[in-house]
Structure formats: C-alpha cells, structure tokens
Amino acid sequence: MPRHQILSVRFPDAETPRPIETRLSAHLKTLRRTRLEAEASLMTPAPEGDDAPPPIPATGAFVKLTDADHAKITRRAKRLHALREAACGLAHLRKEDRDRLAILRDGVDLVRLPTEHRADEIASALHADYPWLAPATEVVWQALRRSVREG
C-alpha cells in the first residue's frame with residue numbers, strides 16, 4: 001500500500017556543520033591543487049621533437065589551508081547549516097516538537113474504518129485529548145463517518 005504524505009515540509013538531514021566543513025575544505029584543496037597543477041604545466045618547457053613524451057604535470061601537489069581559510073570555512077558551514085534548517089519549514093518549532101513530527105517523515109498508511117461506531121470512538125478520543133480543537137474535531141468526525149458510508 002503506498003504511503004501518503006500529510007506534511008508539506010522537508011525534514012532536515014541529521015547532518016551537523018562538521019561534515020559540511022570537511023566537504024568545503026576538501027573542495028577548496030581540490031580547487032587550489034588544480035590551479036597549482038595548471039600553473040606548473042604552464043611553467044614546464046615543452047619537449048623537443050615529435051617523439052618526445054608530453055610533459056607530466058605536478059600531480060599530488062600538497063595544499064595546506066591557513067587559519068583564515070579554516071575560520072571562513074567554519075563560518076560558511078555554520079551559515080549553510082542554519083539556512084538548511086530554516087528552509088525545511090520546521091524552523092519555527094522547538095526541537096521536541098520537530099522530533100515528534102519526525103515519525104511522519106515517510107508519510108502514513110491509510111486504513112479502512114469498519115463501522116461508523118469506530119469513527120465515533122476515534123472522534124471521541126480526539127476530543128478528549130484536544131478539547132480546545134472542538135470545531136476541527138467536528139470536521140474530522142463528520143469526514144470519518146462519511147468515509148465509512150462511502151466505503
């Protein structure tokens with residue numbers, strides 16, 4: 001049976017800023033290494049003759065990031081993590097509330113109610129737990145009864 005999504009939010013990954021920092025550092029090192037290899041290949045003289053092998057670029061150049069680079073990467077990783085959290089649609093909720101909603105991440109299974117009496121029991125339980133939502137409970141109750149009648 002297919003699962004049905006009832007929340008129109010994207011749940012954020014459980015990723016912390018640390019793996020983001022690692023990826024950004026690796027990417028910056030790759031960019032700088034590529035630039036160093038390109039500069040090295042421009043500086044090496046071209047081989048003489050037709051049968052001479054092509055020049056070998058300086059591969060595996062060692063790239064070290066400075067403290068300023070690390071500080072900038074840390075700031076950007078924290079900012080990126082905060083933006084991802086804000087874009088998910090759950091940023092306004094407390095952590096406890098987000099954790100309770102996490103069980104709905106993959107959607108819900110729909111079940112068929114056997115009788116109108118079962119629909120009445122569900123509506124009664126909802127009203128007992130959330131009496132301040134009486135108008136909403138009434139709508140749910142009528143919808144449950146209608147779904148039983150219509151099959």
Side-chain angles (χ1 to χ4, degrees), residues 1-42 54-151:
M1 175 180 289
R3 297 185 62 89
H4 298 274
Q5 293 295 326
I6 62 170
L7 294 178
S8 60
V9 297
R10 288 187 341 251
F11 284 89
D13 295 332
E15 187 176 49
T16 61
R18 187 69 186 149
I20 298 172
E21 287 179 39
T22 304
R23 282 198 314 274
L24 290 176
S25 297
H27 184 66
L28 180 59
K29 286 179 181 179
T30 302
L31 289 175
R32 289 191 177 165
R33 187 176 303 114
T34 303
R35 188 187 69 203
L36 286 174
E37 290 172 356
E39 289 174 358
S41 67
L42 290 176
I56 300 171
T59 56
F62 183 72
V63 177
K64 185 169 178 6
L65 300 180
T66 64
D67 289 339
D69 292 333
H70 286 294
K72 185 184 258 187
I73 287 172
T74 301
R75 281 193 315 272
R76 288 186 180 181
K78 285 180 183 177
R79 179 72 175 143
L80 182 59
H81 184 262
L83 288 171
R84 284 182 180 174
E85 289 282 326
C88 74
L90 298 172
H92 64 286
L93 299 175
R94 293 189 323 255
K95 173 122 175 65
E96 300 84 34
D97 295 334
R98 283 184 288 194
D99 291 343
R100 285 195 294 185
L101 288 174
I103 60 172
L104 302 174
R105 175 187 307 257
D106 298 324
V108 296
D109 291 326
L110 298 182
V111 295
R112 186 176 302 272
L113 294 177
T115 63
E116 282 190 46
H117 180 70
R118 181 63 185 136
D120 294 342
E121 290 173 344
I122 292 171
S124 174
L126 277 173
H127 184 71
D129 289 342
Y130 308 104
W132 61 91
L133 294 176
T137 305
E138 176 75 20
V139 171
V140 169
W141 177 45
Q142 295 302 330
L144 286 171
R145 292 183 63 158
R146 187 173 48 253
S147 75
V148 171
R149 279 186 245 120
E150 295 174 359

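The model shown is predicted, which means the values in this text are computed figures rather than measured ones.
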Least distance between heavy atoms, Ala123 atom then Trp141 atom = CB-CD1, 3.3 Å
Pro131 versus Ala128, closest heavy-atom pair with distance = CD-O, 3.9 Å
message = Within a 6.0 Å radius of atom CZ on Arg23, are there more than 12 heavy atoms belonging to other residues, nucleotides or ligands?
response = yes
ask   = Within a strict 4.5 Å, meaning less than it, do heavy atoms of the Ile122 and Leu113 side chains meet?
value = yes
query = Roughly how far, to the nearest 0.5 Å, is CG of Asp106 from CD of Gln5?
reply = 7.0 Å
query = Hey, mind stepping through Lys64 and Asp69 against side chain to side chain contact (heavy atoms under 4.5 Å, CB included) and telling me if it holds?
reply = CA-CA 10 Å; Lys64 185 169 178 6; Asp69 292 333; over 6 Å; no
Atom of Val148, atom of Pro114 and distance for their closest heavy-atom approach = CG1-O, 4.4 Å
request  = Might you point out which heavy atoms bring Ala77 and Pro17 nearest each other, and give the distance in Å?
outcome  = CB-O, 3.7 Å
ask   = For the side chain of Thr74 and the backbone of His70, is there at least one donor-acceptor N/O pair under 3.5 Å apart?
value = yes
Within 6.0 angstrom of Arg18 CZ, more than 12 heavy atoms from elsewhere = no
query = If you measure from CG on Leu144 to CZ on Arg149, what distance do you get to the nearest 0.5 Å?
reply = 10.5 Å
query = Are the side chains of Leu24 and Ile20 in touch, meaning some heavy atoms are under 4.5 Å apart?
reply = yes
inquiry  = Atom CG of residue position Asp99 - does it have more than 12 heavy atoms of other residues, nucleotides or ligands inside 6.0 Å?
reply    = yes
Closest non-hydrogen atom pair, Ile73 against Glu21 = CG2-O, 3.7 Å
key: Atom pair CG/CZ of Leu110 and Arg3 - distance to nearest 0.5 Å   = 10.0 Å
Separation of Ser147 OG from Gln142 CD (nearest 0.5 Å) = 11.0 Å
task = Starting at CZ of Arg118, measure out to OG1 of Thr115 and round the result to the nearest 0.5 Å.
result = 8.5 Å
key: Asp97 CG to His92 NE2 distance, which is reported to the nearest 0.5 Å   = 9.0 Å
